[in-house]
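See below for the structure under consideration.
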There are 2 protein chains.
Amino acid sequence: MTKISLKDIAIKAKVSVGTVDRVIHKRGRVSQKALKKVQDAINELNYSPNFVARSLATKKQIKIAVFIPSPSLDSFWAQPLEGIRKAENFIKDFGFSIEVFTYNDQHPELIMQMTPQIMQGGFSCILAAPNNKEEFNQFFDQCKQNKIPYVQINTYLDRNDDLFICYIGQDSFGSGKLAAKLLDFTTKPSDTLLILHLEKEIYNAEHLIQKEKGFKEYFKIHNNHEIDIEREIFSDIHDKKKKKKFIRQMIKLYPNLAGVFVTTSKLHFVVEEFLEYGSDRIKFVGFDLIEENLSYLKKGQITFLINQNPTQQGYLAIMGIFDYLLKDETPSKIQHLPLDVVMEENLDYYLKEIKGTTMVS
Amino acid sequence: MTKISLKDIAIKAKVSVGTVDRVIHKRGRVSQKALKKVQDAINELNYSPNFVARSLATKKQIKIAVFIPSPSLDSFWAQPLEGIRKAENFIKDFGFSIEVFTYNDQHPELIMQMTPQIMQGGFSCILAAPNNKEEFNQFFDQCKQNKIPYVQINTYLDRNDDLFICYIGQDSFGSGKLAAKLLDFTTKPSDTLLILHLEKEIYNAEHLIQKEKGFKEYFKIHNNHEIDIEREIFSDIHDKKKKKKFIRQMIKLYPNLAGVFVTTSKLHFVVEEFLEYGSDRIKFVGFDLIEENLSYLKKGQITFLINQNPTQQGYLAIMGIFDYLLKDETPSKIQHLPLDVVMEENLDYYLKEIKGTTMVS
DNA sequence: CAAATTTATGTGGGCGCACACATAAATAAA
DNA sequence: TTTATTTATGTGTGCGCCCACATAAATTTG
């Protein structure tokens with residue numbers, strides 16, 4: 001009942017293990033006759049290589065580069081990083097190692113500066129979160145030139161080259177629809193709902209565009225209440241004066257405001273002001289279980305947060321790369337993770353991460 | 001930069017690898033002097049064994065038994081099984097194999113009949129879903145006698161012996177609270193909410209008791225609307241006549257019925273009748289993304305389903321056992337998985353499972 | 001047809017570890 | 001002191017695979 005080994009194949013095909021090895025790795029130098037015998041034996045015995053032994057034998061160290069926004073600038077990224085570390089812990093005995101590079105998505109010009117360093121680091125694969133559309137299209141072009149395969153997480157950039165392995169993350173469009181549904185629980189006829197982008201250069205952030213589209217899509221289908229959908233952009237969130245002014249203006253502009261959908265994790269920057277100047281009817285929906293948002297959720301001032309399984313994103317991406325490099329398994333191109341609806345009552349379970357090496361999706 | 005190996009330790013401690021091996025495995029036959037030298041070397045070089053090589057060297061096959069309700073009788077169990085298979089696919093190259101035994105929780109007397117077979121199967125570890133309290137306490141006693149460690153999923157049975165490795169699953173109490181919150185979104189003063197157990201022998205199903213407690217707990221804290229909480233038990237769900245009669249009776253008994261919480265995955269058995277005889281104000285909350293429930297969710301007749309991460313439960317349990325047996329890692333005893341609030345808009349993402357060998361939570 | 005070249009096949013060492021076995025050192029019994 | 005006995009230590013083989021190298025067979029060239 002024990003697994004079929006190379007040797008079993010060799011015996012069955014009446015050749016040496018060296019020949020079988022050559023067939024499996026398509027190294028050539030095998031006669032037609034032997035080739036067929038070996039292939040038949042492999043099929044008959046339903047052989048698949050033992051990747052544990054394979055990993056031990058190929059003593060080559062495999063390096064993976066990770067390129068994500070800095071967790072110290074945006075605490076959201078601590079979570080994917082945690083998943084990445086968890087995966088690293090698992091695959092390190094297979095000779096895999098991980099090197100993390102971080103960027104600031106508010107200063108995308110630095111991304112290009114870091115690119116050469118990453119390209120020349122001798123990495124077998126790159127995991128990147130392409131927050132900035134333009135820069136990362138260039139980055140991935142570089143990957144292509146250097147023949148380095150890559151995986152995307154969190155933000156999806158449509159790429160056609162064959163070095164793009166897969167995307168793992170949320171469906172931004174779907175998350176917009178979900179946000180709409182959550183706000184729609186409490187809408188009344190002729191209410192206003194506001195889509196609020198707290199970022200500059202929206203055009204360059206594909207995921208935000210998709211979220212807005214999804215939100216609007218929901219109300220195209222379900223607009224039984226004649227809800228008024230508005231959208232605004234404001235990026236000076238660190239300038240308190242400007243922020244207050246802006247929010248006052250919003251309240252004035254939209255007297256029937258019943259809900260605010262912030263398309264990033266930055267909802268916490270505006271909740272207080274909306275509550276102060278606006279009516280208490282206003283409900284909020286935003287993204288991500290970062291500390292700053294959680295305090296409002298716990299106080300009941302934010303009703304819903306949408307969680308995008310960040311830890312899982314990082315973990316799955318690394319493990320996918322592992323499968324790809326060690327087992328030659330090609331994953332499906334688009335892997336959408338669940339969009340969790342998080343409120344006070346189920347928050348805890350999302351926070352405590354599963355202990356032990358081997359988490360999983 | 002390559003990892004420290006046994007040999008490195010041997011050289012540093014000026015002994016042979018055999019001696020190092022003896023120290024690591026506590027096999028004795030090592031002098032005090034040598035012991036100390038080796039321990040010091042291990043600490044200094046921060047050595048940890050390469051579990052890939054270890055697995056290859058210990059050629060022994062490790063068998064894991066899985067004991068869960070039959071997926072053909074309760075389709076919920078297809079999902080944990082999927083996670084189990086996924087994990088199996090990963091660990092099979094490590095010489096691990098899995099054998100699945102199923103039982104019928106409606107006929108717990110058969111559980112004891114199967115027990116000897118499982119105990120004598122030569123398993124290194126058992127994964128069980130202890131739906132029936134009494135029988136599984138006996139079952140786990142047997143595990144203890146036979147010195148076979150075990151992991152619980154989905155239902156938690158408090159056990160004190162040191163062969164109980166861990167529990168992986170939802171927090172039943174918390175899921176009750178969450179259900180209460182979901183129904184409370186639309187309650188009005190003096191509404192009635194009904195906790196409905198569609199099982200017999202509730203006293204023997206610990207998780208159901210906990211769900212009820214959690215539900216009531218929520219309204220102890222949040223009862224601003226003077227909601228009336230009722231609870232009923234009905235188990236003849238396959239007898240349509242009795243079922244209809246029962247539901248009519250409920251409607252009559254509770255004229256202000258605004259919500260029904262079914263504590264298992266069997267909500268689909270009663271939705272239609274409640275909708276037929278009752279007011280359309282009645283909202284439903286139940287568990288599990290099984291096909292029968294999903295059709296109602298998609299039609300908008302069920303608003304919320306609570307998902308208990310079943311696939312993950314199975315996957316994590318097996319991988320936990322793997323870590324436990326191969327890496328000597330002791331996991332934390334209680335691992336609560338997230339309680340996902342699933343509605344029409346985010347359903348899809350929970351259904352499509354991540355492709356590839358190595359999922360992971 | 002022998003020699004040189006190309007192509008096909010087999011052999012052996014090693015990855016890091018576990019484990020059986022052989023040997024050496026220390027201690028006890030004769 | 002010699003011989004058993006116990007205890008300590010080292011060596012060697014193999015897990016399944018990869019890969020470098022040696023050898024053998026087929027083909028080409030002179």
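In what follows, every chain begins at residue 1, and chains take the letters A, B, ... in the order their sequences are listed. No hydrogens, no waters, no symmetry mates; every other heavy atom, side chains included, goes into these values. Keep in mind that what you see is a predicted model, and the values were worked out from it rather than measured.
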State whether Thr19(B) places a side-chain N or O below 4.0 Å from either non-bridging phosphate oxygen (OP1 or OP2) of dA8(D). no
Would you kindly give the CG-to-C1' distance between Leu326(B) and dG16(C), to the nearest whole Å? 13 Å
Assess the pair Phe96(A) and Phe90(A): is the distance between their ring centroids shorter than 6.0 Å? no
Heavy-atom closest contact (Val15(A) atom, Ala34(A) atom, distance): CG1-CB, 4.4 Å
Contact check, residues 47-57 of chain A vs DNA chain C, heavy-atom distance under 4.0 Å, returns Leu56(A), Ala57(A)
For the pair made of NZ in Lys14(A) and P in dG10(C), what is the distance, rounded to whole Å? 13 Å
Protein-nucleotide distance (Gln61(A), atom CD; dC15(C), atom C1'), rounded to Å: 11 Å
Do Phe51(A) and Phe94(A) have their ring centres less than 6.0 Å from each other? yes
Modelled atom types, side-chain donor and acceptor of Tyr150(A) and Asp161(A), under 3.5 Å: yes
Taking C-beta and beyond as the side chain, do Lys92(B) and Ser97(B) meet within less than 4.5 Å on heavy atoms? no
Quick one: does any side-chain atom of Tyr167(A) pair with a main-chain N or O of Asn154(A) as donor and acceptor, under 3.5 Å? yes
Check the phosphate of dG16(C) against Ser5(B), side-chain N and O only, distance under 4.0 Å to OP1 or OP2. Yes or no? no
Most 5' of Ile4(A) and Arg22(A) on DNA chain D, judged by nearest nucleotide: Ile4(A)
The single option from Phe67(B), Phe164(B), Phe101(B) that satisfies ring-ring contact (aromatic ring centres under 6.0 Å, His included) with Phe139(B) is Phe67(B)
Please give, in whole Å, the distance from dC17(D) C1' to Asp8(A) CG? 13 Å
The side chain of Arg29(B) is closest to which nucleotide in this list: dG10(C), dC19(D), dT7(D)? dT7(D)
Looking only at side-chain N and O atoms, does His25(B) come under 4.0 Å of OP1 or OP2 in dC19(C)? no
Just checking Arg27(A): base, sugar-phosphate only, or nothing, at a heavy-atom cut-off of under 4.0 Å? sugar-phosphate
Whole-Å distance, Lys59(B) NZ to dC19(C) P, equals 8 Å
Looking at every heavy atom in both Ile153(A) and Pro130(A), which two are closest together, and how far apart are they? O-CD, 3.6 Å
Less than 4.5 Å apart, side chain to side chain, heavy atoms only: is that true for Ile24(A) and Ile42(A)? yes
Specify the residues of residues 30-41 of chain B, ordered by number, for which at least one heavy atom lies under 4.0 angstrom from an atom of DNA chain D. Val30(B), Ser31(B), Ala34(B)
Has Lys333(B) got more than 12 heavy atoms of other residues, nucleotides or ligands less than 6.0 Å from its NZ? yes
Over how many whole Å does the gap from Ile62(B) atom CD1 to dA18(C) atom C1' extend? 13 Å
Taking NZ, NE, NH1 and NH2 as the nitrogens, is one of them in Lys36(B) or Asp40(B) under 4.0 Å from a carboxylate oxygen of the other? yes
Output field: ring centroids Phe136(B)/Tyr103(B) closer than 6.0 Å: yes
Difference in axis direction between the ends of the helix from dC1(C)-dG30(D) to dA30(C)-dT1(D), five pairs, 10°: 60°
